[in-house]
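Here is the structure we will look at.
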Amino acid sequence: MIVHLDADAFFVSVEQVRHPELRGKKVAVGGLHRGIISSASYEARACGVYTPMPTQSALRVCPDLIVVPHSSGVYGEVSRRLFTLCGNVTPYIEQVSIDEGYLDFTPCGFGSFAAAVDRAAQLQEEITRDLGITVSFGVASNLLVAGIASKLRKPRGFTVVVPGTEAEFLGPLGVGRLPGIGTKTEERLKLQGIDTVATLREAGEEELETLLGSGWRSVRASAFGEDDREVVTEHGEAKSHSQQETFARDVTRADQVVPLLKGMVDELVPELRSDHQRARCLTVRIRYSDFTYSSASHTIAEASDLEATFYPWLEPLLKRAWKRRLGIRLASVRFSDLEGAGAQLGLFAAEEERRRRLAQVVDELRDKRGKGTVVRGSSLENGGRSGRPREDFPH
């Protein structure tokens with residue numbers, strides 16, 4: 001589950017907290033003379049004030065507009081507090097701007113999508129209570145749909161797109177809501193009768209290529225609510241290592257997927273050792289043929305940076321995640337809950353250290369001679385090279 005957080009008129013909201021007398025009024029933050037409007041209250045927007053708009057133009061369309069200059073340092077501090085509150089719920093946060101970010105609730109153990117939605121609603125209330133500002137949330141199974149959902153019912157919006165209903169949700173929306181479609185492209189599409197996401201899905205491939213150019217496939221995939229991106233965080237405490245593969249056609253048997261997952265482990269665990277880290281949490285995530293997602297996680301008692309520690313959990317996690325009788329189009333592995341390699345070792349420290357030294361030798365050989373120099377038996381189980389089953393499955 002992904003939550004897209006988008007603060008409502010952030011700069012103005014912060015100023016209204018500092019100056020309560022501004023609440024409910026036509027207010028904008030920006031340069032007073034030759035500057036531009038960087039944030040406008042919803043009352044000001046109703047009069048035609050938008051960002052970025054020259055301040056003088058804003059005053060012409062809204063003569064009673066109150067223009068407040070930027071307050072140095074204040075917005076950054078409120079932003080820090082905002083994302084600290086989010087960090088109390090999940091460490092998986094991708095902050096894309098001072099007032100916007102993606103939160104990944106998937107690995108946090110809420111038990112169900114509904115329970116995670118309830119926690120998101122609580123977080124939205126906590127932000128307003130503690131900071132005095134309002135934010136809008138979009139809740140969905142991927143970043144694309146969550147990002148679109150958050151902007152539909154501002155301010156204080158809370159839009160939930162239940163997994164499996166992405167295409168239904170997007171269908172009636174204007175085609176300009178999709179990423180990669182700017183104003184000019186939207187106008188060009190409308191001239192051809194393509195004004196909603198649903199009508200774009202119905203258009204032929206040749207027509208889309210003519211109208212959208214080489215990026216038409218990406219736009220069409222977005223129209224179906226498809227998005228394989230993951231939340232990427234730069235904070236050390238929330239860092240994770242992940243890898244995924246998309247299949248050329250639906251896969252229906254677990255024995256075709258498990259060797260692939262083992263190959264991903266073989267690729268990711270050396271990264272852990274290289275970063276002097278060990279992982280406690282292993283997550284297997286799949287995407288069904290209808291573009292919905294499912295995942296399962298397991299946390300081990302002691303963090304490890306050895307491949308063999310995680311192998312036994314791959315098949316059980318895959319079975320837990322694969323709940324529906326549908327083929328899958330994507331599989332991924334992610335390591336999280338990381339800690340430094342200097343952490344205390346358990347009862348079998350001597351044996352673990354022996355295996356670690358052997359693994360480090362293998363890592364060095366692969367670094368010097370290429371990854372194909374030494375391969376694990378797991379990568380040969382399905383007749384393929386490390387990280388991939390037979391060539392006719394993934395691309």
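Here the structure is a predicted model, which is why all the values come from computation and not from measurement.
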Legend entry - N-O pairing of R273 and D305 below 4.0 Å: no

Inset, instruction - Hey, could you give me the CZ/CG distance between R188 and L191, rounded to the nearest 0.5 Å? - result: 9.5 Å

Inset, instruction - Hey, could you give me the OG/CD distance between S41 and E15, rounded to the nearest 0.5 Å? - result: 12.0 Å

Legend entry - Under-4.0 Å salt bridge between R287 and E226: yes

Inset, instruction - Using the salt bridge (charged side-chain N to carboxylate O under 4.0 Å, His left out) rule, take D130 and R81 through it: C-alpha gap first, then chi angles, then the decisive distance, then the call. - result: CA-CA 9 Å; D130 293 358; R81 293 169 58 196; over 6 Å; no

Legend entry - Side chains of Y102 and N142, donor plus acceptor under 3.5 Å: no

Inset, instruction - Considering non-hydrogen atoms only, spot the tightest contact between I181 and E186 and give its length. - result: CG2-N, 3.8 Å

Legend entry - Exceeds 12 heavy-atom contacts within 6.0 angstrom, atom NZ of K319: no

Inset, instruction - Would you please classify the geometry between the W313 ring and the H298 ring as parallel, tilted or perpendicular, with 30° and 60° separating the classes? - result: parallel

Inset, instruction - Output yes when E187 and K190 qualify as a salt bridge under the 4.0 Å nitrogen-oxygen rule, no when they do not. - result: no

Inset, instruction - Answer with yes or no whether the side chains of S57 and R60 bring together a donor and an acceptor at under 3.5 Å. - result: yes

Legend entry - Audit row: S71, R18, side-chain hydrogen bond (donor to acceptor under 3.5 Å, both in side chains) steps and yes/no: CA-CA 10 Å; S71 299; R18 301 175 69 223; 2.6 Å; yes

Legend entry - Co-membership, hydrophobic cluster, residues V96 and V145, 4.5 Å side-chain: no

Inset, instruction - Return yes when atom CD of E168 has more than 12 non-hydrogen atoms of other residues, nucleotides or ligands closer than 6.0 Å, and no otherwise. - result: no

Inset, instruction - Would you name the heavy atoms of P107 and S297 that are closest together and state the gap between them? - result: CA-OG, 4.5 Å

Inset, instruction - Please step through side-chain contact (heavy atoms from CB on, under 4.5 Å) for the pair F10 and S79, ending with a clear verdict. - result: CA-CA 9 Å; F10 180 63; S79 174; 4.3 Å; yes

Legend entry - Contact summary for V135 and F137, nearest pair of heavy atoms: CG2-CE1, 3.8 Å

Inset, instruction - Assess whether atom CZ of R156 is packed by more than 12 heavy atoms of other residues, nucleotides or ligands within 6.0 Å. - result: no

Inset, instruction - Identify the two heavy atoms, one from D266 and one from P270, that lie closest to each other, and give their separation to 0.1 Å. - result: O-CD, 3.0 Å

Inset, instruction - Report the C-alpha separation of L282 and I300 in whole Å, then their side-chain angles, then the decisive distance to 0.1 Å, and conclude whether the side-chain contact (heavy atoms from CB on, under 4.5 Å) test is met. - result: CA-CA 8 Å; L282 170 68; I300 59 178; over 6 Å; no

Legend entry - I148-I2 co-clustered via ILVMFWY side chain contacts under 4.5 Å: no

Legend entry - Over 12 foreign heavy atoms within 6.0 Å of CD, E206: no

Legend entry - Worked verdict on V89 versus V3 for side-chain contact (heavy atoms from CB on, under 4.5 Å): CA-CA 11 Å; V89 181; V3 175; over 6 Å; no

Inset, instruction - Report the C-alpha distance between T159 and R153 in whole Å, list the side-chain angles of each, state the deciding distance to 0.1 Å, and finish with yes or no for side-chain hydrogen bond (donor to acceptor under 3.5 Å, both in side chains). - result: CA-CA 7 Å; T159 304; R153 298 181 177 93; 2.8 Å; yes

Inset, instruction - Tell me whether V74 is reachable from I66 by hopping between hydrophobic residues (I, L, V, M, F, W, Y) whose side-chain heavy atoms are closer than 4.5 Å. - result: yes

Legend entry - Point-to-point distance, once rounded to the nearest 0.5 Å, from OG1 of T134 to CG of D8: 3.5 Å

Inset, instruction - Classify the side-chain pair D6/S136 by whether it contains a donor and acceptor separated by less than 3.5 Å. - result: no

Inset, instruction - Is it possible for you to say whether F224 and L170 belong to one hydrophobic cluster, with membership spreading through side-chain heavy-atom contacts below 4.5 Å? - result: no

Inset, instruction - Search all heavy atoms of S38 against all heavy atoms of T51 and return the closest pair with its distance. - result: C-CG2, 3.4 Å

Inset, instruction - Give the intermediate values and the outcome of side-chain contact (heavy atoms from CB on, under 4.5 Å) for residues V61 and M53. - result: CA-CA 11 Å; V61 299; M53 182 183 201; 3.9 Å; yes

Inset, instruction - Identify the heavy atoms of S295 and T283 that sit nearest to each other, and give their distance. - result: CB-CG2, 4.2 Å

Legend entry - Stacked cation flag R119 on F105, 6.0 angstrom / 45 deg: no

